[in-house]
Amino acid sequence: MDLDFSAAEDAFRAEARAWLTAHVPGTPLPSLETEEGFAAHREWERTLCADRWSVVSWPEEYGGRGASILRWLIFEEEYYAAGAPGRVSQNGINLLAPTLFDHGTDEQRARVLPSMARGDVVWAQAWSEPESGSDLASLRSTAERTEGGWLLSGQKTWSSRAAFADRAFGLFRSDPAAGRRHQGLTYLMFPLDADGVTVRPIGRLDGKPAFAELFLDDVFVPDEDVIGAPGQGWRVAMSTAGNERGLTLRSPGRFTAAAERLTALWRENADPSDTALRDRVADAVIGARAYRLSAYAGASRIAAGGSIGAESSLNKVFWSELDIALHETALDLLGPYGELSDEATEAPAHGGWAEGHTFSLAGPIYAGTNEIQRDIIAERLLGLPKGRR
Amino acid sequence: MRFLLDDEQREFARSLDGMLTAADTPGAARAWAAGDTAPGRALWGRLAEAGVLALAVPERHEGLGPLPLELAISFAELGRHVVPGPLVETVAAAAFLDRLGDEPAAAEWLPRIAGGKALVSLCVPAASGPYALDPDAADAVLVVDGDTARLAETNGPLQPSADPVRRLARPLGGTVLARGPAVAAAASHAAEVAALATAAQSLGLGRALLDRTVGHVGQRTQFGVAIGSFQAVKHRLADTLIALEFAQPLLHSAALALAAGADHASAEIAAAKVTAGEAAYAAARTALQLHGAVGYTEELDLALWIRKARPLRDAWGTPAACRARVLATAPKGAGS
């Protein structure tokens, strides 16, 4: 057992660090969650992609570097330590791409992945519906067979940045007569500018217009945009819910960097006799470290031929709660300045804490609520009996 | 990087677990609490045969170590099985004697520790408080105060602990063994070893509490169904597992740092200690709550685990002291 990086891994880290030092914008881009910021972040994706840093873990043929999970973790550590911009393509890269690697056709991969890697096509997820959140399998939007493809109808919601994105992916009920509700679902990709698609932006808790509701009215989708077999959508969507995505949904580098910024804030501002606050800073540092080490263990397990399944639920609950605690501690350290948004002229020098705090509050909700994750942990890892939710 | 236990390490843990499962450790713990140390000493002999005590002793004194990772692995099993006695203190005393540079003292005690012939309690007031654990059962009680080490002559009256298996008393009198800066340095190293071993013990203790409670809620029915099917119960157990799972990599990393003699070992051990200690204590509270009234009885062996969680959380580094140590050294940056 060891925690040592090889010379090649150290060289990879050095290369990433040098590139980021040379390319990360000196002044932060406008918020990713606005139209202007979205465009600026799309440009950043192109910059990343030009030197093959946008999707390091993908095979080279799609714009990646074929990096191992460990190298991906290294890249992410450097990325967040450098204070690089948020990733506008994250939903495509984290959710759609793994599905295409596992269930897509060569034609689909060749068509979808390179433009995703360049940021030319930005993808939004379309899972939730007004009546289907945690109970996703109850979804009602339909895909009706038509010549050469499908007609999509219904309503999707809480689709992040769909107001600015180009295309979306989600599950649709293609066989309403299927015996069980998990059956008869089909995984489809569709354009957001197609006839019959209406996108209505929804302001989020942070005031940004970055949620959207999608109204679909007989939107035509060709057969080539079905992923996996029709009717197998649930299995296709869920098979990538664990495994590597358990590590990649939120990279440890994000929290390592945030904990270091918090520690710096504490050293600069804190009253040394306030041990209650000191303890919370220490807990954030420890939590970020534990998450990082746990990811190394997960990467080692995968490298040794193992896999990560329901264990990804442990990660989800852990990082989402860590993120909130970390930001709450920062706000307490900042006192009266804690509530100032980035737009405030007197916002703290190490800005972003108020926005970061509001965003952290969403963590226990998105990507499967923490209540659902705890059910998964209890039932699949501890073997407790299923019960009513 | 391969941040995974290897097959040999896993097998070592499995064989200790098997040996201790068959050894009626709860019985030995109950006897120990009542002042009958014979079953505990017998257990100690078997642990020595398995090589556990030799892990803290260097080869030149008939040991196998120092091997901090294997020590952590084995102490997790000792915690899982509530093995009684000054186990942590004995391995920490071995670390002290190994570092002290006093060859006669090392030659006198270390082979006996490695062979399971000597139980040594250790009291470092600055790190462990004023009491020695199980001084009446130990063959020697080492006291290190500042830069002076002595072998205590006797001990004060027993101060019963909330965990009756932990027999505490003040070490008294005795002869000076060594004095000087090397003593303080060796004591601080010993305290790190003690903190690591205690963290490991906590982790194993917490896992046993979780396992037993999962078993209980799967069997116990109320309202016509197993109580483990209720979300309130499931979620509490899920949180218990999460806390234990994220303590483990901290423990293993801390052991590696100690083995490498890294500067950041102290901060890493502190992080592991507070995290494992808090996780085990939370596991104890969960175990008690989900067992209900029967958990609040002495008859159930579970009491042996529940009562140990809090003292282990605080022994050899309170949570507050550990958190302060984590921040005392600059955070280790990515890749550095």
Side-chain angles (χ1 to χ4, degrees), chain A residues 1-6 9-10 13 17 70 74 77-78 80-81 253 256-257 259-260 263 266-267 275 278-279 281-283 285-294 296-297 299-301 303-304 306 311 313-314 317-318 371 373-379 381-389, chain B residues 1-6 9 69 210-211 213-215 217-218 225-231 233-243 245-257 260 267-268 270-272 274-275 278 319-320 322-328 330-335:
Chain A
M1 180 179 228
D2 72 89
L3 276 163
D4 305 328
F5 295 105
S6 68
E9 285 154 359
D10 284 337
R13 183 188 291 280
R17 185 177 294 184
L70 182 58
I74 292 169
E77 285 174 6
E78 293 302 321
Y80 284 98
T256 306
E260 289 190 8
T263 307
W266 174 72
R267 291 197 198 284
T275 53
R278 179 203 67 195
D279 283 357
V281 173
D283 282 342
V285 170
I286 294 168
R289 180 159 183 81
Y291 186 50
R292 181 184 186 214
L293 290 167
S294 169
Y296 288 159
S300 300
R301 207 154 81 212
E311 288 85 353
S313 293
L314 300 168
V317 175
F318 188 81
E371 284 72 20
Q373 305 297 344
R374 288 185 171 96
D375 281 353
I376 292 170
I377 292 165
E379 291 170 12
L381 297 179
L382 295 175
L384 293 173
K386 274 190 177 291
R388 286 194 61 78
R389 306 286 179 221
Chain B
M1 166 165 335
R2 192 179 184 282
F3 192 49
L4 284 179
L5 296 180
D6 64 30
Q9 288 159 339
L69 183 56
L210 176 61
D211 290 347
T213 308
V214 165
V217 303
V225 292
I227 62 171
S229 66
F230 300 139
Q231 265 192 326
V233 170
K234 282 181 180 170
H235 289 191
R236 189 150 184 176
L237 289 167
D239 284 336
T240 305
L241 178 64
I242 291 167
E245 283 292 328
F246 283 92
Q248 181 163 300
L250 289 170
L251 178 71
H252 289 163
S253 173
L256 291 175
E268 291 214 31
V274 60
T275 307
E278 295 281 26
C322 289
R323 290 182 172 113
R325 251 160 70 205
V326 166
L327 291 177
K332 202 168 154 265

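This structure is a prediction, so every number in the text was calculated from the model and none was measured. Letters A, B, ... are given to chains in the order of the sequence lines, protein chains preceding strands, and every chain is numbered from 1. The basis for the numbers below is simple: all heavy atoms, side chains too, and nothing from hydrogens, waters or symmetry mates.
When heavy atoms are compared at a cutoff of 4.5 Å, A:Ser294 approaches chain B by way of both its backbone and its side chain. Contact of B:Val274 with chain A is made through the side chain alone, with heavy-atom distances under 4.5 Å. Contact annotation for A:Ala303: neither backbone nor side-chain heavy atoms come within less than 4.5 Å of a heavy atom of chain B. There is no contact between B:Ala260 and chain A, counting heavy-atom distances below 4.5 Å. Heavy atoms of B:Leu69 lying under 4.5 Å from chain A belong exclusively to its side chain. Contact annotation for A:Ala304: only side-chain heavy atoms (C-beta onward) come within less than 4.5 Å of a heavy atom of chain B. Using a 4.5 Å cut-off between heavy atoms, B:Leu5 touches chain A through backbone and side chain atoms alike.
Note: A:Arg374 CZ to B:Leu241 CG = 11.5 Å, rounded to the nearest 0.5 Å. Atom CG in A:Leu382 sits 10.5 Å away from atom OG1 in B:Thr213 (nearest 0.5 Å). To the nearest 0.5 Å, atom OG1 of residue B:Thr275 and atom CD1 of residue A:Ile286 are 4.5 Å apart.
A tilted orientation is assigned to the rings of B:Phe246 and A:Tyr291, their planes being inclined by 30° to 60°.
The candidate from B:Ala255, B:Cys322, B:Ala324, B:Gly218 with the greatest count of non-hydrogen atom pairs under 4.5 Å with chain A is B:Ala324. Listed options B:Pro319, B:Ala272, B:Ala226, B:Pro249 were ranked by heavy-atom pairs under 4.5 angstrom with chain A; first place goes to B:Pro249. Per-residue counts of heavy-atom pairs under 4.5 Å with chain B were compared for A:Asp279, A:Ile74, A:Ile376, A:Ile377; the largest is that of A:Asp279. The choice from A:Leu70, A:Leu293, A:Asp4, A:Leu381 that makes the most heavy-atom pairs within less than 4.5 Å of chain B is A:Leu293.
For A:Ser300 (side chain) and B:Phe3 (main-chain N/O), a donor-acceptor pair under 3.5 Å exists by modelled atom type. Side-chain atoms of B:Lys234 come within 3.5 Å of backbone N or O of A:Pro385 as a donor-acceptor pair.
Ion pair A:Asp283/B:Arg323 flagged as a salt bridge, since at least one NZ, NE, NH1 or NH2 atom sits closer than 4.0 Å to an Asp/Glu carboxylate oxygen.
Checked against side chain to side chain donor-acceptor pair (under 3.5 Å), B:Gln9 has the following partners two or more places apart in sequence or in another chain: B:Glu70. For the salt bridge (Lys or Arg N to Asp or Glu O under 4.0 Å) test, no residue two or more places apart in sequence or in another chain qualifies with B:Arg236.
At least one side-chain heavy atom of B:His235 sits under 4.5 Å from a side-chain heavy atom of A:Glu371. Taking the side chain as every heavy atom from C-beta outward, A:Asp2 and B:Arg2 approach each other to under 4.5 Å.
For B:Ser253 against A:Leu3, the heavy-atom pair with the smallest separation is OG-CD1, 3.5 Å. Closest heavy-atom contact between B:Leu250 and A:Arg289: CD2-CG, 3.9 Å.
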